[in-house]
Amino acid sequence: MHVVAILALDKVIPFDLATPIEVFSRTPGYEVRVCGTSTVDTGTFKLQPAWGLDGLADADTIMIPGCADARAPVPADVIEALRSAAAAGTRIASICAGAFVLAATGLLDGKRATTHWVAAKAFAERFPAVVVDPDVLYVDNGQFLTSAGAAAGLDLCLHLIRRDHGSAAAADAARLSVMPLEREGGQAQFIVHPHPPTPQGSELEPVLRWMEDNVDRDLSLEDIAGHAGMSARTLNRRFREQMGTSPLQWLHLARVRRAQHLLESTSDPVELIGAQVGFGSPTAFRERFKRVVGTTPAAYRGAFRSSTQPADRV
């Protein structure tokens, strides 16, 4: 039986704590235990772990959920227990801001890691010896793994099950977790940052909706400015101020996001999808898609398309 020990510290984030409990306890072959030093105050309720820190010593995997105050010092006995477990070969994985606890042990020094994107800057400043990648769902270094926030913890748990028991077991766990798509570990990094939210009442709201509705057209900066009723120079300035990017860059990202949806939900050929979202040639589509997403349209489709979709048309 593979023992998964979940470390519960004060101010633990309940969602992060519950994720590995639910995923591993519903998967055959795992024994789940919650470990802590005393009564744990989550901020909304208190819990009494059934195991102390000694429960980490013989675990096969240790999961470290995030805590609400990532800046809080990590107790010395927790650091020592994690270091001892690591020295014995135990696999240790963090969810969200749990990376702060894991990094405090020094076990991530010189390694690539991730955490919630909101905390990534603070994480990098506090642990300069760690190579921080805020753009991925999780990072697998073999013995040490880290994940981003919230639902990324589910991706990490399913990835661990896949490592331990294969894809079939992971697929069963995904269905129980009602995951919308099975995201292969090697493809989990292929995500696109959403556009920054438009300030409420912004004068750009109408033109942004129009651009979204017309991604298939060959729009120039002058076309967009004309629809917005302002000069190209003024439009550029307003976009920089309110969206943090240029109109054409925003349009490119909107096209790629639309392409991702079509790749996931249809069997249309890649070349057709490129044309449907406004790229002038298949080459331009593939180059822009790879630059933004980090992989080719075909590879993205293979990793993310729902299994209920029919096979590709030739």
Side-chain angles (χ1 to χ4, degrees), residues 1-13 16-17 19-21 23-25 27 29-38 40 49-67 69-116 119 122-133 136-148 152-153 155-165 185:
M1 188 70 69
H2 187 114
V3 175
V4 177
I6 304 167
L7 178 62
L9 301 176
D10 258 349
K11 304 305 179 185
V12 65
I13 298 171
D16 293 356
L17 177 67
T19 294
I21 293 175
V23 173
F24 290 110
S25 66
T27 302
Y30 292 99
E31 174 191 324
V32 177
R33 60 177 67 157
V34 177
C35 304
T37 56
S38 60
V40 176
W51 294 76
L53 293 181
D54 58 327
L56 304 177
D58 63 341
D60 299 289
T61 296
I62 295 173
M63 303 293 299
I64 308 176
C67 294
D69 185 3
R71 298 168 298 180
V74 182
D77 54 348
V78 171
I79 290 179
E80 182 171 346
L82 291 173
R83 286 175 175 168
S84 296
T90 302
R91 183 173 64 187
I92 305 178
S94 65
I95 295 175
C96 192
F100 282 78
V101 177
L102 183 52
T105 67
L107 296 171
L108 293 179
D109 287 359
K111 296 180 176 63
R112 182 167 158 262
T114 194
T115 187
H116 195 295
F123 184 81
E125 291 172 349
R126 183 170 173 181
F127 303 106
V130 181
V131 181
V132 184
D133 188 344
V136 297
L137 292 178
Y138 58 82
V139 175
D140 183 347
N141 286 302
Q143 185 180 5
F144 307 114
L145 302 91
T146 53
S147 77
D155 292 285
L156 176 62
C157 291
L158 294 174
H159 173 65
L160 291 173
I161 293 172
R162 183 183 292 109
R163 274 183 46 174
D164 295 338
H165 300 293

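Judged by distance alone, the side chain of Arg163 and the main-chain N or O of Gly142 form a donor-acceptor pair under 3.5 Å.
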| request: For the pair Asp58 and Arg33, evaluate salt bridge (charged side-chain N to carboxylate O under 4.0 Å, His left out) and give the outcome as yes or no after the intermediate values. | output: CA-CA 11 Å; Asp58 63 341; Arg33 60 177 67 157; 2.7 Å; yes

| query | Do Asp155 and Arg162 pass the salt bridge (charged side-chain N to carboxylate O under 4.0 Å, His left out) test, and can you show the C-alpha distance, the side-chain angles, and the key distance before you say yes or no? | reply | CA-CA 10 Å; Asp155 292 285; Arg162 183 183 292 109; over 6 Å; no

| request: Report the C-alpha separation of Thr146 and Leu156 in whole Å, then their side-chain angles, then the decisive distance to 0.1 Å, and conclude whether the side chain to side chain contact (heavy atoms under 4.5 Å, CB included) test is met. | output: CA-CA 8 Å; Thr146 53; Leu156 176 62; over 6 Å; no

| task | Would you please test Leu7 and Val78 for side chain to side chain contact (heavy atoms under 4.5 Å, CB included) and show each step? | result | CA-CA 9 Å; Leu7 178 62; Val78 171; 3.7 Å; yes

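The side chain to side chain contact (heavy atoms under 4.5 Å, CB included) test with Val12 singles out one residue from Leu17, Val34, Ile64, and that residue is Leu17.
With sequence neighbours left out, the ring-ring contact (aromatic ring centres under 6.0 Å, His included) criterion links Tyr30 to His2, Phe24, His165. Taking Asp77 as the reference, nothing meets the salt bridge (charged side-chain N to carboxylate O under 4.0 Å, His left out) condition, with sequence neighbours excluded.
Around atom CD of Glu80, no more than 12 heavy atoms belonging to other residues, nucleotides or ligands sit under 6.0 Å away.
Inter-residue side-chain proximity for Asp109 and Val130 is flagged as met; some heavy-atom pair is nearer than 4.5 Å. At least one side-chain heavy atom of Asp164 sits under 4.5 Å from a side-chain heavy atom of Arg91.
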Would you be so kind as to tabulate the donor-acceptor pairs closer than 3.5 Å made by side chains of residues 93-108, with sequence neighbours excluded?
from, atom 1, to, atom 2, distance (Å)
Thr105, OG1, Leu102, O, 2.5
Thr105, OG1, Leu107, N, 3.2

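Salt-bridge check for Lys11 with Asp69: failed, with every basic side-chain N at 4.0 Å or more from each acidic carboxylate O.
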